Amino acid sequence: MANMTATQLDTSLPLSTLRHTAAHLLAHAVKDLFPETLVTIGPATDQGFYYDFERSTAFTPADLELLEARISELIKANLPVSRESISREAAIERFRNLGETYKVEIISAIPAESEITLYSVGGFTDLCRGPHVERSGQIGAVKLLSLAGAYWRGDEKNPMLQRIYGTAFATQEELDAHLHHLEEAAKRDHRKLGRELDLFSIEEDAGGGLVFWHPRGALVRNLIENFIREGLQERGYDPVLTPHVVSEQLYETSGHLENFSHGMFGPVEVEGQRFRLKPMNCPGHILIYRGALRSYRDLPVRYSEFGTVYRFERSGTLHGLTRVRGFTQDDAHLFCTPEQLQAEFESTVDEALRMMQAFGFSDFEYFLSTREHRGETDPIAEAAIRNALESRNLAYKIDEGGGAFYGPKLDINLRDAIGRPWQLGTVQVDFVLPERFDLSYRGADGAQHRPVMIHRALAGSMERFFGVLLEHYGGNFPTWLAPIQVVVLPISEHQADYAQNVSAELLKAGFRVELDGSNEKLGYKIRHWKTQKVPFIVVLGKSEVEAQTISVNARGVDEKRTPQSVASFIDELRANVTQRRN
RNA sequence: GCCGACGUAACUCAGUUGGUAGAGUAACGGUUUUGUAAACCGUCAGUCGCCGGUUCGAGUCCGGCCGUCGGCUCCA
């Protein structure tokens, strides 16, 4: 009966409200079980909620179970949630008396005109803006998920707090579904798939964040790069190649040393001269541009490079392929006249979308990241970005101060298997580096003018893109990208010659074929190659040899196909690959 | 870097209160000649992340370092 009511209410209830209350229940439980703990903040997130605590002893996984049990009791008790408005002085007084110093600090930071509210549930009262559900019973199910450290106010100069992550839903069924989803997502973790499919590795002996591409992974990456190259060629980009180590002087001129040194590897000294591993490709491309006189007739100049860069990342931040210390950008720099800026920027955005769609991505988030210290050219640069987004009806968010040091940028983000967002493509407008390097072109008026630069990487980094792509496909690369497209399985030794012929024919037709003549039963081989996620398995037994046909088993298709000719299968494969079917 | 957890065979993992390391998979050899997701038998396989300490004795306890994982922070 009570459940009915709760369910009815919940359908109109934002999940975030419910989770916010769940966070309060967590704090309630923590104060019950570990009264010496200080509370700080506990918001809802898009996956659940967390609450940050200060306590000298670390919480243990066993503590989470106790807390979860306590929370369940609080939910069962169906406690009312009450709201109370209070004066600033009374609020400070109250939390000071409780010794809740973090809360006092929060109150002091609340703007003078804002109302200060307290929310109480059971025996626990928290400073909170709300809103909350009316009764604790409206939270159907809570699960505490993990423990983590988090700096107070996200600043590493501040004390480290203990964060407890959890999630909550209106019903147990929804929670179970969510937990199931997390399990499924973990199965497509690119680090796991990378090992299982033998695509890449990160070697302890070589250092974290440095990727070793194994033959199959390198093959797929090359296919992706070739696809990107085709698009670049169509759009008038000229490939260039630049050194991985250059004189530090170059980065002094570019401003990287001043603005980006935190992201650079330290200097290497050779014959008394300091060199640096390149953290970005732009200065190199600029040198090529600057090496000759340029006319407005030459513009836009478009230089592209799969440029490998090295950036210092703190050890704790490294993550598979998606956060590394050495990576290759599908980078390009356009040098254009101010008049050309808008059109060039827009066509770059179109190219980015076209490319992402070719890989079956459609769910992006766009960010306009402005510079931390805006200059007089920023409004022009930002306008180019805004116009491009708005004319394409793309909703975007502003990331204040998130831009590069040389200009604002458009960032295109995607989420990985478990919902973590990753920045992939980026298109940036730059008036600063042309100035720093004193770039010019001769205009129609005979005078020297300053070009504008566009920096762009569409996949972003090949490593991260590959990692996200791997999760996106769950390891089931479409045929055009699959490292092995077809496996030929003779049922017994008697079909060995025929299998040899069939695989030779497929190889000759240009496909990536593996012949498995191992001494195993068919079922075993099928299973083996299915787990390797090969798109097509060709089975050859006695009847196929007699009829000169092949039996094709396509990935994801359960029905048994009627045997067909090799020629018809080749046609099918060809169509599949040229259309880049996903 | 910081907080927490973890590190045992190529992979996934067992290993009681300290007594000298085990399973499944893979690999290799053999038997079998196989019809759509795991045939059978056998063999090999580990400096228990590294260094140091406690102890008669350390995978197990303690300290330091390295790495991985979950986060914080930052970015492609």
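Remember, predicted model here, so these are calculated numbers, not experimental data. Chain letters run A, B, ... following the sequence lines, proteins first, then strands; residues in each count from 1.
Within 4.0 Å of A:Ala457, counting heavy atoms only, lies no atom of the nucleic acid at all. Using a 4.0 Å heavy-atom distance criterion, A:Glu520 is classed as a base contact. Using a 4.0 Å heavy-atom criterion, one finds that A:Lys560 contacts the bases of the nucleic acid, with or without backbone contacts as well. Within 4.0 Å of A:Gly541, counting heavy atoms only, lies at least one base atom of the nucleic acid. Nucleic acid contact class of A:Val309 (heavy atoms, under 4.0 Å, all strands): none. Across all strands shown, A:Gly208 has heavy atoms under 4.0 Å from sugar-phosphate atoms exclusively, and none from any base. Residue A:Gly460 is classed as a sugar-phosphate contact, given heavy-atom separations below 4.0 Å to backbone atoms only. Among the atoms of the strands shown, none is found under 4.0 Å from any heavy atom of A:Gln495. A:Thr60 comes within contact range of no nucleotide atom at all, as no heavy-atom separation falls under 4.0 Å.
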Stepwise side-chain contact (heavy atoms from CB on, under 4.5 Å) test for A:Asp378 and A:Thr370
CA-CA 8 Å; A:Asp378 287 65; A:Thr370 61; over 6 Å; no

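Look at CD on A:Gln329: it is 14 Å from P on B:rC75, rounded to the nearest Å. The CG atom of A:Asn519 sits 12 Å away from the P atom of B:rC28 (whole-angstrom rounding). Here B:rA10 presents its C1' atom at 12 Å from CD of A:Glu203, a figure rounded to the nearest Å. As rounded to whole Å, 9 Å separates atom P of B:rC2 from atom CE of A:Met160. In this structure, NZ of A:Lys530 is placed 18 Å from P of B:rG35, rounded to the nearest angstrom. In this structure, A:His528 places its NE2 atom 12 Å from C1' of B:rA27, rounding to the nearest Å. One interatomic measurement links the two molecules: CZ of A:Phe536 to P of B:rA37, which rounds to 18 Å at whole-angstrom precision. Atom pair A:Glu372:CD and B:rC75:P shows a separation of 9 Å (rounding to whole Å applied).
Using P as the reference atom, B:rC28 and B:rU54 are 47 Å apart when rounded to the nearest Å. The C1' atoms of B:rG52 and B:rA38 are separated by 47 Å, rounded to the nearest whole Å. Going from the C1' atom of B:rC66 to that of B:rU17 covers 31 Å, rounded to whole Å. Between B:rA14 and B:rC6, the distance separating the two P atoms is 12 Å to the nearest Å. Between B:rC51 and B:rU31, the distance separating the two C1' atoms is 49 Å to the nearest Å. Rounded to the nearest Å, the gap between the C1' atom of B:rA58 and that of B:rG1 is 32 Å. Across B:rC50 and B:rA37, the matching C1' atoms stand 42 Å from one another, rounded to whole Å. Nucleotides B:rU34 and B:rU20 are separated by 49 Å at their P atoms, to the nearest Å.
When Watson-Crick and G-U wobble pairs are counted only if both distances are under 3.5 Å, B:rG1 pairs with B:rC72. With both pairing distances under 3.5 Å, B:rA38 is matched to nothing as a Watson-Crick or G-U wobble pair. Using Watson-Crick or G-U wobble geometry with both donor-acceptor distances under 3.5 Å, B:rA14 finds no partner in any strand shown. When both pairing distances are held under 3.5 Å, B:rU43 makes a Watson-Crick or G-U pair with B:rA27. If you check B:rC61 for Watson-Crick or wobble pairing at under 3.5 angstrom, you find it paired to B:rG53.
Proximity of A:Thr317 to the phosphate of B:rU73: no side-chain N or O atom is located under 4.0 Å from OP1 or OP2. Phosphate proximity of B:rC69 to A:Arg191: present, with a side-chain N or O under 4.0 Å from OP1 or OP2. Residue A:Lys192 has no polar side-chain atom (N or O) positioned under 4.0 Å from OP1 or OP2 of B:rU12. Taking only side-chain nitrogens and oxygens, A:Arg195 comes nearer than 4.0 Å to OP1 or OP2 of B:rU12. Side-chain nitrogen and oxygen atoms of A:Gln162 include none within less than 4.0 Å of the OP1 or OP2 phosphate oxygen of B:rC3. Within the 4.0 Å cut-off from OP1 or OP2 of B:rC75, not a single side-chain nitrogen or oxygen of A:His262 is found.
Listed candidates were B:rU73, B:rG35, B:rA76. Nearest to the side chain of A:Glu156 is B:rU73. Picking from B:rG1, B:rG70, B:rC75 the nucleotide with the shortest atom distance to the side chain of A:Arg464 gives B:rC75. Side-chain proximity of A:Arg527 to B:rA76, B:rA38, B:rG35: nearest is B:rA38. Here B:rU33 is the nucleotide among B:rA39, B:rA76, B:rU33 with the atom lying nearest to any side-chain atom of A:Glu493. Which of B:rG70, B:rC75, B:rG35 sits closest to the side chain of A:Val539 comes down to B:rG35. Which of B:rG35, B:rG1, B:rA76 sits closest to the side chain of A:Arg311 comes down to B:rA76. Closest to the A:His494 side chain, of the nucleotides B:rC72, B:rU33, B:rA37, is B:rU33. Between B:rC72, B:rG1, B:rC75, one nucleotide has an atom nearer to the side chain of A:Arg163 than all others, and that is B:rC72. The side chain of A:Thr531 lies closest to B:rA37, out of B:rC72, B:rA76, B:rA37.
A:Glu305 and A:Arg229 are not joined by a salt bridge, as no carboxylate oxygen comes within less than 4.0 angstrom of a charged side-chain nitrogen. Taking a cutoff of 4.0 Å between a charged side-chain nitrogen and a carboxylate oxygen, A:Glu463 and A:Arg221 qualify as a salt bridge. We find that A:Arg163 and A:Asp52 are joined by a salt bridge, their nearest charged nitrogen and carboxylate oxygen being less than 4.0 Å apart. Ionic pairing of A:Arg371 and A:Glu382 is not present here: no N-O contact between side-chain nitrogen and carboxylate oxygen is shorter than 4.0 angstrom. Ion pairing of A:Glu105 with A:Arg153 is present here, as a side-chain N (NZ or NE/NH1/NH2) and a carboxylate O approach within less than 4.0 Å. A salt bridge is absent between A:Arg188 and A:Glu184; no separation between the charged side-chain nitrogens and carboxylate oxygens falls under 4.0 Å.
Side-chain atoms of A:Tyr151 stay outside donor-acceptor range of the base of B:rG71, with no qualifying N/O pair under 3.5 Å.
Judged as a ring pair (Phe, Tyr, Trp, His ring centres under 6.0 Å), and not counting sequence neighbours, the contacts of A:His256 are A:Tyr251, A:Phe405.
Judged by closest nucleotide on RNA chain B, A:Tyr165 is the one of A:Glu313 and A:Tyr165 placed further toward the 5' end. Across the interface with RNA chain B, nearest-nucleotide mapping of A:Ile202 and A:Ile526 shows A:Ile526 to be the residue nearer the 5′ end.
Here A:Phe327 counts as stacked on B:rA76: its ring centre is under 5.5 angstrom from the base ring centre and the planes meet at under 30°.
Classification of the A:Phe466-A:Phe477 ring pair by plane angle, with boundaries at 30° and 60°, yields tilted.
A:Arg464 forms no cation-pi arrangement with A:Phe327, by the criterion of a distance under 6.0 Å to the ring centre and an angle within 45° of the ring axis.
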